[in-house]
Amino acid sequence: MPAPTPENSTDDSSPPFEIRPAGRVLRLPPYLFGRINQVLYNKRRAGDDVIDLGMGNPSDPPEDLVIEKLAEAALDPRNHGYSKSNGILNLRREVSSKYLKKYGVRLDPEREVMVCLGSKEGFSHMCLAMMGAGDTAIVPAPYFPVHTHAVMLAAGNVISLDVADNEQFLSNIAYTCQNLYPKPKLLVCCYPHNPSTVTVEPEFYVELVKLAKRYGFMVISDFAYADVAFDGYQPPSFLAAPGAHEVGVEFTTMSKGYNMAGWRVGFCAGNAKMIEALGIIKGYFDYGMFLPVQISAILALRHTEAAVEAQSRKYQVRRDALCDGLNRIGWDITPPKAGMFVWAKIPEPWASRMDSIEFATKLLEQGDVAVSPGSGFGPSGEGFLRLALVENEARLRQAVRQIDRCLSGG
Ligand SMILES: Cc1ncc(COP(=O)(O)O)c(C=O)c1O
């Protein structure tokens, strides 16, 4: 009898050959949260009421007029064909108007603004457009995973620099550029920063642009939390710094301030050459955003600024409830000035006893509170937790009570 070969095998259970993903997929770091996600899944299946502060996924809806416009536009048979991959001009014009009104930044909607299927898609494809084998990007540490992984998927290398202190971050960038060969090609910044909540003032970007020009690196500013700020603080736009257009772009999104995360509406603005390259890549990958979504996004940008500000105030109340509560039970929390998260140092004695994954798993298993372990944002996130302000004030107070009870129980 001939030995079984892939051609004559009758065993349907054995695969005919090994399916091997590409190197770019295999190069990505291992997934750390298998166990914690399994616990969350089991609890949900068992009907447990878990207070979920894990993901920055807004739980409030967009304004009624935006949803009504979506429904109306969807009823128009002319709105169901392919759109343009860089977005309709009127939406790009609306983005330009917002930049002018809010930041005093002039943008040519034809060449300097691009519509993306969420800023994450735009950011990832921008990395693909700009980075290749042998290129290096500087990213902030701890890092929002996309900042690192999009560079890796584009075959680039990553150097991560501690983001905690603004002055130190700038001088570390200069040091890296002076000592690394080939020099970094790209710098990713993100303020208000996810996960650390670090913020900057406009002077920071003035210095950053000077460094970019001196050392010849491009800048991508991820401005996802532009619209969520507290106590009168206004997060500055990178593009408002003199010369920023010459060296980089900025991504904004309607996911956070406008509660439109599932709609996937983001924007890239700034350097025309970078935007042109992004457009070329996107032209191969997508046919643009569903027209009714773009039409409703125009309306949201034009008419719902007051709701965006009200949403920020809501996050501020939640921030106070969570930070006051955690400080009351003995944690040492600095309330953030902006963004949707609290970045919390794990208190003693727990910090000496367990890592952030073990601690987050304990809070979930014994306290029914889900949070993100800091190590999910790279090694420099170890020792921290990220808590998203996506539940209401009463639920956040309840979360603190549950955490307190869980930790008091040993
Ligand atoms: C820093 C940062 N950038 C980008 C994104 C992605 O936003 P979008 O929904 O526009 O893709 C997020 C979402 O959590 C984020 O925290």
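Indexing begins at 1, ligand by ligand and atom by atom, following the structure's order. Excluded from the calculations below are hydrogen atoms, water molecules and symmetry mates; all remaining heavy atoms, backbone and side chain alike, are included.
In this structure, atom 3 (N) of ligand 1 lies nearest to the protein heavy atom D222 OD2, 2.6 Å. Atom 11 (O) of ligand 1 has its closest protein heavy atom at R264 NH2, 2.7 Å. For atom 6 (C) of ligand 1, the nearest protein heavy atom (residue, atom name, distance) is S119 OG, 3.7 Å. Nearest non-hydrogen protein atom to atom 12 (C) of ligand 1 is F144 CZ, 3.4 Å. Of the protein's heavy atoms, S255 OG, 2.6 Å lies nearest to atom 9 (O) of ligand 1.
Remark: distances from the non-hydrogen atoms of G266 to ligand 1 are all 4.0 Å or more. In this structure, C190 has a heavy atom closer than 4.0 Å to ligand 1. Residue contacts with ligand 1: M55 is excluded, as none of its non-hydrogen atoms falls under 4.0 Å.
Under a 4.0 Å criterion applied to the non-hydrogen atoms of G118, ligand 1 contributes the atoms 10 (O), 11 (O).
Nearest residue to atom 13 (C) of ligand 1 from K120, H147, K256, H193 is K256 (criterion: closest heavy atom). Closest heavy-atom approach to atom 16 (O) of ligand 1 among the candidates Y225, F223, F267, F251: Y225.
Closest non-hydrogen pair, V206 versus A241, comes out as N-CB, 3.9 Å. What you find for A226 and K102 is that their closest heavy atoms are O-NZ, 3.9 Å. A pairwise comparison of heavy atoms in P109 and S96 identifies CB-OG, 3.5 Å as the closest pair. Summarising the geometry of C323 relative to I333, their closest heavy-atom pair is SG-CG2, 3.7 Å, with the distance given to 0.1 Å.
Within 6.0 Å of OH in Y287 there are 12 or fewer heavy atoms belonging to other residues, nucleotides or ligands.
Each of K256, Q311, K98 was checked for a side chain to side chain donor-acceptor pair (under 3.5 Å) with D227, and the lone residue meeting it is K98.
Remark: side-chain polar atoms of S171 are paired, donor with acceptor, to backbone N or O of Q168 under 3.5 angstrom.
For M254, no heavy-atom contact with ligand 1 is shorter than 4.0 Å.
Looking only at atom types and distance, the side chain of E246 has no donor-acceptor partner in the side chain of N271 under 3.5 Å away.
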